[in-house]
Amino acid sequence: QVQLVESGGGSVQAGASLRLSCAASGRTSSLYSMGWFRQAPGKEREFVAQHRRGSGATDYAGSVMGRFTISRDNAKNTVYLQMNSLKPEDTAVYHCAADPAYYIGSVAERWDYWGKGTLVTVSL
């Protein structure tokens with residue numbers, strides 16, 4: 001089993017930056033893919049970014065490309081999401097996700113493991 005715990009959320013003004021962290025524990029050696037999803041009130045969970053171990057390949061949603069950066073520290077079993085130039089529409093609960101598959105894609109239902117989330121609120 002795998003446990004994921006997010007941290008780093010908060011309330012900021014538009015244009016500010018935040019860095020989210022997700023620490024994995026348990027059978028972390030099996031996790032090729034780690035990523036971030038977000039869910040705004042009244043909306044479905046949506047893909048934000050993904051990182052694949054080994055190649056270091058990353059994927060981003062179009063809405064965050066150029067503003068968010070996903071990175072991973074394999075020694076610490078931790079994945080990060082650096083969020084710059086935050087906008088009010090980035091307000092959501094951000095969830096960390098992980099999966100043993102090398103390429104799992106952007107469909108939330110395909111990911112095996114989830115954290116409980118951390119709230120990011122961006123105001124004007």
Without hydrogens or angle criteria, can the side chains of [X] and [Y] be said to hold a donor-acceptor pair below 3.5 Å?
X: Ser55; Y: Tyr102; result: yes
X: Arg19; Y: Tyr80; result: no
X: Asp73; Y: Thr78; result: no

Nearest 0.5 Å please: distance from the [atom1] atom of [X] over to the [atom2] atom of [Y].
X: Asn74; Y: Leu31; atom1: CG; atom2: CG; answer: 10.0 Å
X: Tyr94; Y: Ser7; atom1: OH; atom2: OG; answer: 15.0 Å
X: Leu18; Y: Met83; atom1: CG; atom2: CE; answer: 4.5 Å

Handout entry: Heavy-atom check, side chain of Val64 versus side chain of Arg38, under 4.5 Å
Key = yes

Problem - Student check: side-chain heavy atoms of Met34 and Cys96 closer than 4.5 Å - result: yes

Practice task
Give a yes or no on this: more than 12 heavy atoms of other residues, nucleotides or ligands lie within 6.0 Å of atom CD of Gln3.
Solution key: yes

Exercise for the section: Verify the neighbour count for atom CD of Glu44: are there more than 12 heavy atoms of other residues, nucleotides or ligands below 6.0 Å? Expected result: no

Practice task
Could you label the plane-to-plane angle of the His95 and Trp114 rings as parallel, tilted or perpendicular, counting under 30° as parallel and over 60° as perpendicular?
Solution key: perpendicular

Handout entry: Aromatic contact, Trp36 with Phe47 (centres under 6.0 Å)
Key = no

Practice task
Following the transitive rule for hydrophobic clusters with a side-chain heavy-atom cut-off under 4.5 Å over Ile, Leu, Val, Met, Phe, Trp and Tyr, establish whether Ile104 and Val79 coincide in one cluster.
Solution key: no

